Amino acid sequence: MTALDPTSVTCPAPHAETERVLLGHGSGGRLMAELLADLAPRLGTSAADDAAVLPFGSAELVVSTDSFVVTPRFFPGGDIGSLAVHGTVNDVAMMGARPMAISLAYIVEEGLPIEELRTVTDSVATAAADCGVAIVTGDTKVVNRGAADGLYITTTGFGLRMRGARPEAKGGRPGDVVIVSGPIGLHGVTILSCREGLGFETEIASDTRPLHRLVTAMITAGGDAVHTLRDPTRGGLAGALNELAATAKVGVELDEQSIPVPAQVAAACELLGLDPLHVANEGCLVAFVAPGHADAVLAAMRACTEGAQARVIGRVVADHPGRVTMRTLVGATRVVDMLVGEQLPRIC
């Protein structure tokens with residue numbers, strides 16, 4: 001028998017997880033940030049903000065595009081139709097704009113009951129009317145059975161930026177006060193409960209709601225002292241704060257005791273081994289506000305239904321730029337990192 005020459009043996013290179021799209025690339029966490037950092041420069045754009053600001057005569061037009069693939073399509077507190085409107089309105093509002101109009105596109109799987117499509121469309125109409133925005137154009141495509149999961153919605157939102165409003169992802173400055181508008185984790189735990197049949201839905205509902213009226217109150221009270229606004233959807237509060245810290249090249253220090261985690265969310269996360277800071281939200285925002293205006297902005301937030309439970313949860317610092325840390329309940333300090341991989345796919 002001829003001896004095997006070890007130099008002639010080659011092994012196929014294993015496929016790295018970066019070679020194919022994974023569910024984690026849509027999680028709002030680290031994989032998604034890496035994907036956007038790869039793709040956005042190819043388009044000559046930045047993925048830092050959820051909306052673009054364009055010159056529009058003497059004003060500024062804010063434009064944002066989003067897609068919605070949530071499952072189940074109906075859940076306590078909302079459905080894919082109202083969620084699409086609220087999510088679009090909120091992305092426009094986070095740039096300090098008053099939403100005006102939305103374009104709406106459906107991708108429908110063959111076999112979806114027409115009555116369900118009517119119900120979702122009625123929900124879109126109701127939510128848009130409540131927000132004071134018009135559905136101005138749209139499109140509908142139908143694909144073969146199995147080529148989609150029932151119904152996907154894509155939207156584009158348009159709004160005019162309020163005078164004096166300048167919130168942006170890179171706007172955080174050392175000394176800024178970090179404010180959250182209300183309880184966190186409600187949407188993610190609701191979807192998880194519905195999807196997995198865990199029974200939490202008897203006690204909990206999604207927080208999906210529009211935040212543009214709250215933003216208007218904040219800008220009226222603080223003007224350009226409201227440096228940054230972000231709705232912490234996929235990736236949760238931790239994901240949003242890490243993105244903002246990295247973009248602005250600042251650090252963020254949180255106080256765990258100040259973060260409003262509802263008892264139902266805390267219990268569900270403890271049972272399932274989840275971190276509430278990574279759980280998705282659809283009805284709250286986080287803001288970086290100049291310290292001299294923080295009290296006025298906080299008071300204005302608390303005067304609104306959407307911000308009645310607003311509170312200060314931390315501060316922006318010059319130390320450890322790009323990193324978020326938290327003082328825990330026992331007095332220790334830990335790093336609050338972005339979600340790695342996928343905690344719960346198709347959350348919105």
Side-chain angles (χ1 to χ4, degrees), residues 23-24 26-32 66 68-87 90-91 123 127 149 180-211 214 230-243 254 256-286 305-311 313 324 326 328-329 334 336-348:
L23 278 174
S27 67
R30 187 172 301 281
L31 283 178
M32 184 172 179
D66 210 343
F68 300 85
V69 297
V70 64
T71 181
R73 290 184 289 278
F74 299 89
F75 47 85
D79 56 67
I80 191 172
S82 60
L83 182 68
V85 174
H86 296 162
N90 292 346
D91 281 349
S123 180
D149 186 7
V180 70
S181 65
I184 65 170
L186 290 166
H187 180 72
V189 170
T190 299
I191 297 299
L192 178 61
S193 177
C194 291
R195 191 181 298 171
E196 305 300 333
L198 300 177
F200 297 133
E201 68 267 22
T202 58
E203 304 175 0
I204 198 168
S206 169
D207 62 342
T208 176
R209 58 183 168 182
L211 299 172
L214 175 63
R230 180 62 61 92
D231 54 335
T233 53
R234 291 173 296 169
L237 184 63
L241 290 175
N242 272 279
E243 288 176 0
L254 302 176
E256 184 176 17
Q257 188 172 6
S258 300
I259 299 174
V261 181
Q264 313 99 301
V265 172
C269 288
E270 183 175 1
L271 177 65
L272 300 170
L274 305 177
D275 186 339
L277 297 181
H278 288 148
V279 178
N281 311 274
E282 288 292 344
C284 70
L285 63 79
V286 63
T305 301
E306 303 91 334
Q309 299 181 65
R311 62 178 68 180
I313 61 170
V324 180
M326 182 169 69
T328 67
L329 296 175
R334 74 172 179 92
V336 177
D337 210 345
M338 297 183 81
L339 182 66
V340 178
E342 180 59 84
Q343 181 186 74
L344 182 62
R346 297 183 58 184
I347 197 72
C348 61

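Numbering of residues begins at 1 and proceeds along the displayed sequence. Just so it is clear, the structure is predicted and the values come from calculations on it, not from any experiment.
- Residues Val279 and Val189 are in side-chain contact: their nearest non-hydrogen atoms beyond the backbone lie under 4.5 Å apart.
- In terms of heavy atoms, Cys194 sits closest to Pro76 at SG-CD, 3.2 Å.
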Side chain to side chain contact (heavy atoms under 4.5 Å, CB included) assessment of Ser206 paired with Ile191: CA-CA 8 Å; Ser206 169; Ile191 297 299; 5.8 Å; no
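- Using modelled atom types, no side-chain atom of Arg311 and backbone atom of Gly182 make a donor-acceptor pair closer than 3.5 Å.
- Of all heavy-atom pairs spanning Pro260 and Ile313, the tightest one is CD-CG2, 4.2 Å.
- In this structure, Glu256 contributes its side chain and Leu329 its backbone to a donor-acceptor pair below 3.5 Å.
- Taking every heavy atom of both residues into account, Pro276 and Val261 meet most closely at CB-CG1, 4.0 Å.
- The CD atom of Glu306 sits 8.5 Å away from the OG atom of Ser181 when rounded to the nearest 0.5 Å.
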Criterion side chain to side chain contact (heavy atoms under 4.5 Å, CB included) on Leu214 and Leu285, from CA distance to verdict: CA-CA 9 Å; Leu214 175 63; Leu285 63 79; 3.7 Å; yes
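- In this structure, His187 NE2 and Phe75 CZ are separated by 5.0 Å, a value rounded to the nearest 0.5 Å.
- For the atom pair OG (Ser82) and CZ (Phe68), the distance works out to 10.0 Å, reported to the nearest 0.5 Å.
- Using a 4.0 Å cut-off between a side-chain N of Lys or Arg and a carboxylate O of Asp or Glu, Asp231 and Arg209 do not qualify as a salt bridge.
- The OG1 atom of Thr208 sits 7.5 Å away from atom CG of Asn90, with the distance rounded to the nearest 0.5 Å.
- Here the side chains of Asn281 and Thr233 are not in contact, with every heavy-atom distance at 4.5 Å or above.
- For the residue pair Asp337 and Asn242, the shortest heavy atom distance occurs at C-ND2, 3.6 Å.
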Could you give me the CA-CA distance, side-chain angles and deciding distance for Val180 and Ile259, then say whether side chain to side chain contact (heavy atoms under 4.5 Å, CB included) is met? CA-CA 8 Å; Val180 70; Ile259 299 174; 5.9 Å; no
Would Asp66 and Arg234 satisfy salt bridge (Lys or Arg N to Asp or Glu O under 4.0 Å), going step by step from the backbone distance to the final call? CA-CA 12 Å; Asp66 210 343; Arg234 291 173 296 169; 5.1 Å; no
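- Between the CG atom in Asp207 and the OG1 atom in Thr190 there is a gap of 7.5 Å [rounded to 0.5 Å].
- Between Arg230 and Glu243, at least one side-chain N (NZ, or NE/NH1/NH2) sits under 4.0 Å from a carboxylate O, which counts as a salt bridge.
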Using the side chain to side chain contact (heavy atoms under 4.5 Å, CB included) rule, take Val70 and Ile347 through it: C-alpha gap first, then chi angles, then the decisive distance, then the call. CA-CA 5 Å; Val70 64; Ile347 197 72; 5.9 Å; no
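- Residues Met326 and Val336 approach most closely at CB-CG2, 3.6 Å, considering heavy atoms.
- Just one of Leu272, Leu271, Val265 meets the side-chain contact (heavy atoms from CB on, under 4.5 Å) condition when paired with Cys269; it is Val265.
- Across all non-hydrogen atoms, the minimal contact from Pro232 to Cys284 is CD-O, 3.2 Å.
- Here Thr328 contributes atom OG1 and Arg334 contributes atom CZ; the two are 8.0 Å apart, rounded to the nearest 0.5 Å.
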